[in-house]
Amino acid sequence: MEITGVVKSVMPTQTGTSQSGKAWQKREFIIEETVGNYPNSLVITAFGDRVEKLNTLRVGDYVTARFDTQAREYNGRAFNNITL
């Protein structure tokens with residue numbers, strides 16, 4: 001899937017270490033569509049090496065992002081993951 005719009009926010013990079021001892025990093029940003037009467041916004045997450053590609057991303061940039069969606073269940077609730 002893809003979305004084209006304006007970058008509304010770029011969050012700081014988060015880092016950590018998994019239980020197996022492997023380092024990880026992720027970064028989230030918000031894109032708002034610029035078409036239609038009711039524009040949609042999406043929070044998109046980048047993991048691992050893709051985080052480095054976001055270093056040049058700035059609020060106000062007009063971009064097209066191709067992303068994957070995945071649904072998961074946790075404690076009887078459903079969540080969507082939207083990732084690059």
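Predicted model only: the values in this text are computed from it and were never measured.
- In the hydrophobic clustering (ILVMFWY side chains linked at under 4.5 Å, chained through shared members), Trp24 stands by itself.
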Test side-chain contact (heavy atoms from CB on, under 4.5 Å) applied to Ile31 and Val63, step by step: CA-CA 8 Å; Ile31 294 180; Val63 298; 3.7 Å; yes
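- Legend: residues meeting side-chain hydrogen bond (donor to acceptor under 3.5 Å, both in side chains) with Asn40, ordered by chain and number and at least two apart, are Glu33.
- Ser18 pairs by the side-chain hydrogen bond (donor to acceptor under 3.5 Å, both in side chains) definition with Ser20, not counting sequence neighbours.
- Residues forming a side chain to side chain contact (heavy atoms under 4.5 Å, CB included) with Val43 (at least two apart in sequence, or on another chain): Glu28, Ile30.
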Donor-acceptor pairs under 3.5 Å, side chain of residues 47-54 to any protein atom, not counting sequence neighbours: which ones?
| from | atom 1 | to | atom 2 | distance (Å) |
| --- | --- | --- | --- | --- |
| Arg50 | NH1 | Leu84 | O | 2.3 |
| Glu52 | OE1 | Asn55 | ND2 | 3.2 |
| Glu52 | OE2 | Gln25 | NE2 | 3.3 |

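- Among residue pairs with one or both ends in residues 69-84, none qualify as salt bridge (Lys or Arg N to Asp or Glu O under 4.0 Å); sequence neighbours excluded.
- Applying the salt bridge (Lys or Arg N to Asp or Glu O under 4.0 Å) rule to pairs touching residues 6-20 yields Lys8-Glu32, sequence neighbours excluded.
- By the salt bridge (charged side-chain N to carboxylate O under 4.0 Å, His left out) test, Glu2 is found to be paired with Arg66, residues two or more places apart in sequence or in another chain being considered.
- Evaluation of the side chain to side chain contact (heavy atoms under 4.5 Å, CB included) rule for Val6 yields Thr34, Tyr62 as partners, not counting sequence neighbours.
- Follow the hydrophobic side-chain contacts under 4.5 Å out from Val35 and you never reach Ile3; the two are in separate clusters.
- Proximity of Asn80 to Thr69: side-chain heavy atoms (C-beta onward) are nowhere separated by under 4.5 Å.
- Thr15 is linked by a side-chain hydrogen bond (donor to acceptor under 3.5 Å, both in side chains) to nothing, counting only residues two or more places apart in sequence or in another chain.
- In terms of heavy atoms, Thr64 sits closest to Thr4 at OG1-OG1, 2.8 Å.
- In this structure, Tyr74 shares a hydrophobic cluster with Phe79, the cluster being traced through Ile, Leu, Val, Met, Phe, Trp and Tyr side chains under 4.5 angstrom apart.
- Note that CE of Met1 is 8.5 Å distant from CD1 of Ile82, once rounded to the nearest 0.5 Å.
- The side chain to side chain contact (heavy atoms under 4.5 Å, CB included) check on Thr56 picks up nothing, with sequence neighbours excluded.
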